[in-house]
A.B. asks: 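Structure provided below as structure tokens; questions to follow.
Convention: sequence-line order gives letters A, B, ...; per-chain numbering from 1.
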4 protein chains.
Amino acid sequence: MDAGLFSALFARGDVDAGDDAWLQAMLDAEAALARAVERAGLAPPGSGEAVTAVARSEIFDNRTLGEDAAATGNPVPALVRALTKLLADSEFAGAVHMGATSQDIIDTAAMLLARRAIDVILADLSAAAASCGARATEHARTVMSGRTLLQQAVPVTFGLVAAGWLTAVDEARLDLHRIRSTRLAVQFGGAAGTLASFGEAGPQVTALLGEELGLSVPVLPWHADRRRVVDLAATLAGTCAALSKIARDVTLLAQTEVAEVTSGRGGSSAMPHKQNPVAAVIILGCTKQAPGLLATLAAAAEQEHQRAAGAWHSEWQPLTHLLTLTASAASWSTDMLESLEIDPSRMRANLEATHGLPLAEHIASVLAPAIGPQAAHDLVAQASLQATSDKISLADALLSDETSAKALADAGINATLLHSHLEPESYLGATSEFIERALAASAVTEQALKG
Amino acid sequence: MDAGLFSALFARGDVDAGDDAWLQAMLDAEAALARAVERAGLAPPGSGEAVTAVARSEIFDNRTLGEDAAATGNPVPALVRALTKLLADSEFAGAVHMGATSQDIIDTAAMLLARRAIDVILADLSAAAASCGARATEHARTVMSGRTLLQQAVPVTFGLVAAGWLTAVDEARLDLHRIRSTRLAVQFGGAAGTLASFGEAGPQVTALLGEELGLSVPVLPWHADRRRVVDLAATLAGTCAALSKIARDVTLLAQTEVAEVTSGRGGSSAMPHKQNPVAAVIILGCTKQAPGLLATLAAAAEQEHQRAAGAWHSEWQPLTHLLTLTASAASWSTDMLESLEIDPSRMRANLEATHGLPLAEHIASVLAPAIGPQAAHDLVAQASLQATSDKISLADALLSDETSAKALADAGINATLLHSHLEPESYLGATSEFIERALAASAVTEQALKG
Amino acid sequence: MDAGLFSALFARGDVDAGDDAWLQAMLDAEAALARAVERAGLAPPGSGEAVTAVARSEIFDNRTLGEDAAATGNPVPALVRALTKLLADSEFAGAVHMGATSQDIIDTAAMLLARRAIDVILADLSAAAASCGARATEHARTVMSGRTLLQQAVPVTFGLVAAGWLTAVDEARLDLHRIRSTRLAVQFGGAAGTLASFGEAGPQVTALLGEELGLSVPVLPWHADRRRVVDLAATLAGTCAALSKIARDVTLLAQTEVAEVTSGRGGSSAMPHKQNPVAAVIILGCTKQAPGLLATLAAAAEQEHQRAAGAWHSEWQPLTHLLTLTASAASWSTDMLESLEIDPSRMRANLEATHGLPLAEHIASVLAPAIGPQAAHDLVAQASLQATSDKISLADALLSDETSAKALADAGINATLLHSHLEPESYLGATSEFIERALAASAVTEQALKG
Amino acid sequence: MDAGLFSALFARGDVDAGDDAWLQAMLDAEAALARAVERAGLAPPGSGEAVTAVARSEIFDNRTLGEDAAATGNPVPALVRALTKLLADSEFAGAVHMGATSQDIIDTAAMLLARRAIDVILADLSAAAASCGARATEHARTVMSGRTLLQQAVPVTFGLVAAGWLTAVDEARLDLHRIRSTRLAVQFGGAAGTLASFGEAGPQVTALLGEELGLSVPVLPWHADRRRVVDLAATLAGTCAALSKIARDVTLLAQTEVAEVTSGRGGSSAMPHKQNPVAAVIILGCTKQAPGLLATLAAAAEQEHQRAAGAWHSEWQPLTHLLTLTASAASWSTDMLESLEIDPSRMRANLEATHGLPLAEHIASVLAPAIGPQAAHDLVAQASLQATSDKISLADALLSDETSAKALADAGINATLLHSHLEPESYLGATSEFIERALAASAVTEQALKG
């Protein structure tokens with residue numbers, strides 16, 4: 001895409017799905033078709049090479065092709081005319097667009113664009129996963145507050161948070177890989193999906209076309225069965241979903257009042273002191289556009305007969321946009337994660353600021369065997385309220401109340417033991433094991449993606 | 001927008017919401033601000049003129065501005081720097097961007113783009129309404145089959161169909177006019193919506209800014225209250241809704257087997273005989289993208305504090321796209337409607353092809369007083385089934401069955417009267433009055449839009 | 001709606017759009033039609049009263065009607081049969097459903113449900129607006145940090161925040177009122193929108209039907225023009241948008257680390273100390289569902305001919321759901337706002353925690369006249385970085401640096417003046433005026449809604 | 001779901017995702033948890049059995065649980081209290097909800113509901129696939145018009161159309177199977193995903209819980225990683241996409257003017273003659289709701305920290321609704337396909353009504369070797385226009401024009417050969433092979449689903 005006012009934000013990454021890229025992908029499809037029909041013996045030797053030689057986007061004019069598209073509803077007929085004209089005096093002209101319809105070229109081109117985009121996205125996600133993995137390892141024991149409904153809950157570690165990000169990114173990568181391997185298929189059906197003009201040779205040409213382009217060969221031409229597009233879009237939106245969660249966490253952890261991480265130092269035109277988490281913000285600016293685009297593509301799958309009147313046409317822009325935005329979000333995510341600075345002391349300070357409340361559940365759990373879980377829950381809830389209103393520690397609230405002091409005594413918990421139960425490190429459960437599992441699963445993922 | 005491969009399809013119409021248009025709109029906002037602060041006595045005389053003189057998009061480089069946008073998350077800081085630099089040696093530099101924040105410029109620019117787009121859309125819709133009105137008048141008595149659930153129902157006239165289209169377009173026009181007049185407001189709040197750097201002079205500057213730009217002045221800066229954007233988007237999507245219904249009807253009426261209208265003669269790259277309804281198809285290609293974009297913008301309204309981290313940024317592309325697509329659909333609709341050819345004889349032929357079935361309800365209604373509505377309904381339903389299975393006319397089915405023949409006799413309906421009740425013209429109800437009402441309402445609309 | 005497992009969350013408020021409410025609304029439409037046809041002289045005197053007398057949902061069985069709906073695709077034909085049967089031995093049976101089609105009844109019933117829902121929503125929003133107004137007044141001078149991109153920006157007051165909420169709620173109220181007054185129209189067109197079975201009397205019956213139900217009379221039957229549904233849905237989604245912003249702010253301000261407000265005290269099944277902002281959370285649980293439902297309804301407007309095959313049917317559930325969710329969000333918002341506790345001292349403490357940084361823009365603005373805006377911005381930005389890294393106050397950073405100390409001196413700002421410029425109260429700009437404007441506008445809104 | 005006014009339409013099929021089903025699924029999760037903790041040696045022997053014995057929805061009151069849900073934001077805490085109370089006097093009370101948080105129960109219950117729904121959907125789709133397969137076989141050679149952009153294109157056979165439907169249904173089945181096998185995982189993380197209250201025993205309990213419920217065990221608790229929900233929703237929406245295409249085709253083929261199929265015979269309350277394709281219409285009424293619900297669920301994946309404030313809550317209704325609607329569409333599709341009547345003679349008649357035009361491409365293709373593809377295309381296009389305007393056959397248009405007559409002669413095509421090239425059967429290309437491939441692939445699918 002040409003560099004423009006917003007492209008560094010929303011069209012970042014090495015994906016190009018602009019006009020030139022579309023044009024080249026359509027030309028790649030036409031050239032591959034010419035090679036396929038030559039290989040099938042349906043066009044003179046040299047046809048494939050001849051068409052391939054002129055199938056270069058820079059010798060065509062988007063503007064003219066675009067204007068002519070208005071007459072037919074898509075740019076392919078004009079492109080075919082232009083391509084044929086370049087070979088007008090040769091025996092190879094007949095090999096151009098042989099047996100194809102416009103949809104064959106546009107759908108196949110979309111698959112090629114999707115494949116290139118997925119490759120770029122996978123590369124960026126690999127870097128993002130590596131960052132997450134490194135953080136998960138490094139901060140496996142860096143305690144911080146878990147937070148539910150935006151309230152402090154029980155302790156976690158930042159390593160576990162990063163492990164959660166890692167697992168989401170890894171699953172997104174596997175899903176993109178699945179789609180790339182199994183759902184990106186050549187489209188080739190001719191006028192109405194029968195490849196009629198080839199007689200019985202159609203399937204052979206399709207197979208060769210798939211070979212030329214490295215795309216799957218579908219059971220049937222999929223011109224009117226749009227589930228491939230929906231599957232692709234869903235996987236892109238699922239990737240955005242994974243990245244949106246990470247970016248949301250980063251913006252929240254980077255809040256001035258939380259300050260557990262910093263990520264980037266974006267300035268403000270008005271405020272000299274601002275250090276905005278630009279990467280995280282722009283990731284969200286990208287990912288929040290994905291669900292609407294996915295909905296458009298899912299709705300467009302209700303297509304009439306052998307080629308839809310409008311629904312097909314409504315796919316081109318949202319799919320292009322979704323590929324570009326996902327790639328942009330993935331690219332920004334590598335920046336965000338690599339530049340992420342963690343402040344373990346602030347994490348601990350925030351956790352301790354409420355004087356033991358995040359460990360309330362732990363105290364309840366150690367009281368439960370003595371007085372029953374519901375009573376333990378209620379008693380600690382009462383002490384928590386007391387601690388909050390009197391601005392004292394949970395320990396003091398528990399020890400100063402007669403009932404709870406007795407319960408502690410009954411449970412064999414003296415003040416020293418109580419305070420040790422109030423240490424975050426004492427209440428991390430399976431945190432370490434979960435981190436190890438995420439890292440191990442990621443190694444398997446990495447292997448699977450290489451294989 | 002630069003002419004490109006798909007722009008004749010999806011960015012048609014005289015709307016430009018590409019990078020250059022965005023840049024110019026931002027510059028227009030900056031220039032108006034400089035004039036406003038000068039008028040408020042906060043900048044040296046001549047500041048407004050000086051800034052306005054350099055606020056021309058062609059002297060800035062989108063590519064550079066765009067690259068710098070990555071550092072701050074939006075292109076305004078770089079633009080402000082470039083603008084300031086152009087006035088660096090003058091006393092006017094201080095008037096640039098005075099008291100503003102990036103969001104003030106981007107939101108105000110979006111309103112300016114929206115206004116220009118609405119003006120273009122309204123012009124196209126005025127032509128579309130005129131076409132519909134002319135068809136409603138001309139074909140007020142051209143009978144055709146009404147169709148419900150894609151099955152022939154009772155007769156209507158093509159004039160009534162066109163009157164329905166007219167009313168929908170008119171209501172869309174009124175709604176666009178409402179939004180243009182009442183919801184497109186200047187955005188001006190400074191860093192966090194207090195206009196703090198102006199002391200108490202902020203509201204005066206806002207008022208002057210509104211005056212300079214011809215935009216409404218809101219009660220409060222609306223930086224974090226995105227209902228204006230949602231309202232605008234909803235009205236655009238509502239316009240698309242009106243046009244989508246017309247285009248859907250045209251594609252259906254133009255089906256080879258129906259052939260009651262033709263609209264355009266788009267060719268096919270594969271099939272020499274095709275005459276595709278390109279305009280209608282591309283309208284649907286545009287309008288089917290609107291609901292997803294509207295959903296994105298409605299979801300984006302959940303914005304944090306004084307400026308959202310991502311949700312705001314996620315608005316720019318869908319809003320631009322929705323303006324462009326709506327304008328494109330409106331532009332195509334004038335083509336579609338002006339080129340629409342009506343075939344009254346085919347309309348009548350289709351209506352008569354089922355030998356009276358579309359008038360079954362009429363017969364039931366004239367039998368009802370004699371035998372009750374339910375019995376009349378059931379008896380005619382039975383005769384309709386008979387007519388279909390025996391491939392005879394409804395009249396023959398009714399007359400040849402003893403029970404129904406008796407019922408007709410009881411109701412005083414002889415064969416002549418029966419046949420006259422089976423004439424489509426005999427069963428048009430309020431069709432004429434409805435057409436007249438639609439035309440009268442349209443005249444009022446036209447007046448209101450001029451006023 | 002019957003009380004169920006989730007209805008206290010998502011179907012709160014006094015709106016009932018469950019099966020019984022739908023059934024009663026359909027019966028209300030049928031009864032009004034009987035009264036209208038009687039008044040038009042088309043049915044025997046007493047017909048209206050007779051039909052009205054039996055048009056009570058409790059004497060019908062949803063289950064049976066629902067089962068029969070499978071045969072026809074909607075529940076009206078079975079309802080009409082049941083209603084007719086109740087009057088079978090009377091002369092009034094013929095007045096049931098006279099001239100109507102199923103869509104007339106369902107669409108009109110939907111309008112009745114919408115009106116009832118809007119009335120309930122408006123009552124809740126009136127209470128919400130009152131709460132916001134009271135907070136805006138009470139906390140007009142309660143300084144707190146403005147926050148952009150989730151980073152502290154310049155100071156605002158909580159009163160201004162509440163004024164922003166107020167304006168959004170007020171504009172939502174006005175829009176709901178507009179839709180209620182102008183867009184809720186009776187649907188009456190008969191089989192294909194011609195009211196054919198009435199001959200020329202159709203429009204008179206429509207007018208009387210509108211009168212009976214207190215609904216607008218449209219220019220044309222709107223069976224195939226769904227912009228009214230889209231407009232209604234957009235306004236409901238716009239209301240959700242306004243409420244979502246407030247709830248998002250509340251969840252953020254209530255974060256443990258921010259703690260500037262508390263709202264509700266929801267418990268946790270696991271954690272005894274949790275005090276969750278349940279109302280705000282459930283509001284978001286409701287409002288986040290609105291954009292998708294709006295998209296469905298906007299997409300459904302592409303309807304074929306005189307009645308759509310599926311698109312119409314796809315409206316019933318999303319519209320019902322959107323009415324219910326909006327009402328639920330509005331109801332929860334009154335709770336959330338009334339229970340909201342503000343902590344002014346924490347607000348000030350958070351603002352002061354960064355030792356002057358939120359006032360950086362103020363310092364830049366007072367330096368600008370002496371050294372130019374860009375230099376002032378850059379110099380203060382540098383000092384802000386220094387203050388952050390050295391953990392000193394912005395004042396100290398400015399005074400200890402030679403360049404900035406000189407600039408301050410040049411601008412005539414001594415240490416005392418510098419500190420006074422660093423007081424939040426010194427940099428509130430138009431805050432007071434904005435609050436007053438919001439309150440004044442709200443009074444006008446209140447008046448308009450009463451009128 | 002209780003039978004209601006609309007449930008035969010939108011909640012058909014054997015799926016129950018109403019309140020009682022949700023309650024039972026939550027109880028199933030609680031009971032399985034009790035059995036798991038007992039097996040892990042963390043609760044007294046008999047605990048699992050005791051909790052399981054009382055975990056029956058019929059002994060709880062949805063209304064009361066629902067009311068209490070308002071205090072905590074979800075119904076689980078009240079359910080846990082009620083469940084504990086039932087075991088209050090026993091040693092087993094402590095085994096209830098041990099180590100769990102509300103989200104563990106709700107998410108796991110959602111997975112159980114999803115699994116049951118998928119099983120029902122797969123059974124219906126198996127029947128639908130069988131119907132499609134039978135039609136593909138039976139009508140492999142039943143020629144009909146292919147239609148692109150709703151215009152007649154080249155011939156296809158109905159068997160090929162049915163084969164296309166089959167492939168789409170089969171791919172939907174495989175995708176549902178994939179999700180069921182790999183993405184429906186137990187959710188178990190405790191308060192913040194660490195299973196802290198179990199010390200190091202958490203993962204063992206999770207494994208046992210997965211075993212008890214037959215659900216996958218995830219790498220990590222997925223409380224804040226919602227890609228499983230998005231994947232599930234995408235697959236359901238993809239299933240709806242496949243069904244929507246079939247239903248759209250059926251409504252179009254069943255149009256009065258096309259009449260190539262009939263499907264169902266739904267009556268009208270107004271029109272005695274109507275035979276509406278109710279099943280196809282209601283399928284579309286269901287499937288058109290899917291994209292908006294999918295968008296809501298994809299957007300909800302942006303979740304904060306360890307449990308989201310609102311986004312999580314916003315999932316419950318759309319997911320329930322999407323499961324129900326997909327199941328309903330699948331159930332209706334078996335009806336639609338089984339009741340589908342094909343009219344081969346009408347198919348041929350429609351194809352022949354335009355006197356050879358659908359074979360225009362064939363003629364161009366046989367002329368191409370002699371005169372080049374572009375010239376052949378243009379010449380046949382000209383003849384097609386002539387044929388249309390003069391209402392003559394394409395053969396006559398070609399033979400009566402000097403240029404084209406010469407071209408035919410040059411290509412060695414005499415009148416007899418021309419007419420044979422105009423036979424639909426002569427231009428079906430790979431139709432037979434495609435049908436065979438679809439049937440073979442379906443057999444493989446069937447096997448894979450059984451395995």
A.B. asks: Do A:Glu171 and D:Arg183 come within less than 4.5 Å of each other through their side chains, counting heavy atoms only?
C.D. replies: yes
A.B. asks: Find out whether A:Thr148 and D:Gln103 are in side-chain contact, i.e. whether some heavy atom of one side chain is under 4.5 Å from a heavy atom of the other.
C.D. replies: no
A.B. asks: With only heavy atoms counted, which part of A:His313 is less than 4.5 Å from chain D, the side chain, the backbone, both or neither?
C.D. replies: side chain
A.B. asks: Given a strict heavy-atom distance threshold of 4.5 Å, which part of A:Leu195 is in contact with chain D: side chain, backbone, both, or neither?
C.D. replies: both
A.B. asks: Tell me if a side-chain donor or acceptor on A:Gln306 pairs with a main-chain N or O of D:Arg147 at a distance below 3.5 Å.
C.D. replies: yes
A.B. asks: Pick one of side chain, backbone, both or neither for A:Leu243, based on which atoms fall under 4.5 Å of a heavy atom in chain D.
C.D. replies: neither
A.B. asks: Is it the backbone or the side chain of A:Val161 that comes under 4.5 Å from a heavy atom of chain D, or both, or neither?
C.D. replies: side chain
A.B. asks: Taking A:Gly189, A:Gly199, A:Ala153 one by one, which has the highest count of heavy-atom pairs under 4.5 Å against chain D?
C.D. replies: A:Gly199
A.B. asks: If you tally heavy-atom pairs under 4.5 Å against chain D, which of A:Val230, A:Thr239, A:Leu220 wins?
C.D. replies: A:Leu220
A.B. asks: With a 4.5 Å heavy-atom cut-off, do D:Gln374 and A:Lys85 have their side chains touching?
C.D. replies: no
A.B. asks: Is A:Ala163 close to chain D through its backbone or its side chain, or both, or neither, when contacts mean heavy atoms under 4.5 Å?
C.D. replies: both
A.B. asks: Counting neighbours of CD on A:Glu200 that are heavy atoms of other residues, nucleotides or ligands and sit closer than 6.0 Å, is the number greater than 12?
C.D. replies: no
A.B. asks: Heavy-atom distances under 4.5 Å only: say whether A:Phe434 touches chain D with side chain, backbone, both or neither.
C.D. replies: both
A.B. asks: Sort out for me which of A:Ala234, A:Ser432, A:Ala430 touches chain D most, counting heavy-atom pairs under 4.5 Å.
C.D. replies: A:Ala430
A.B. asks: Picking from A:Pro221, A:Ala290, A:Gly310, A:Gly94, which has the most non-hydrogen pairs under 4.5 angstrom with chain D?
C.D. replies: A:Pro221
A.B. asks: So, the side chain of D:Arg437 versus the backbone of A:Val219: is there a donor-acceptor pair under 3.5 Å, distance only?
C.D. replies: yes
A.B. asks: So which part of A:Ala441 gets closer than 4.5 Å to some heavy atom of chain D, the side chain, the backbone, both or neither?
C.D. replies: side chain
A.B. asks: Is A:Asp225 close to D:Lys245 at the side-chain level, that is, under 4.5 Å between some pair of heavy atoms?
C.D. replies: no
A.B. asks: Below 4.5 Å from any heavy atom of chain D, which atoms of A:Asp175 appear? Answer side chain, backbone, both or neither.
C.D. replies: side chain
A.B. asks: What I want to find out is whether A:Glu304 reaches D:Arg248 closely enough, with some N-O distance under 4.0 Å, to be called a salt bridge.
C.D. replies: no
A.B. asks: Mind ranking A:Ala241, A:Pro369, A:Ser197 by heavy-atom pairs under 4.5 Å with chain D and telling me who comes out on top?
C.D. replies: A:Ser197
A.B. asks: Measure distances from A:Ala300 to the heavy atoms of chain D and classify the residue's part below 4.5 Å as side chain, backbone, both or neither.
C.D. replies: neither
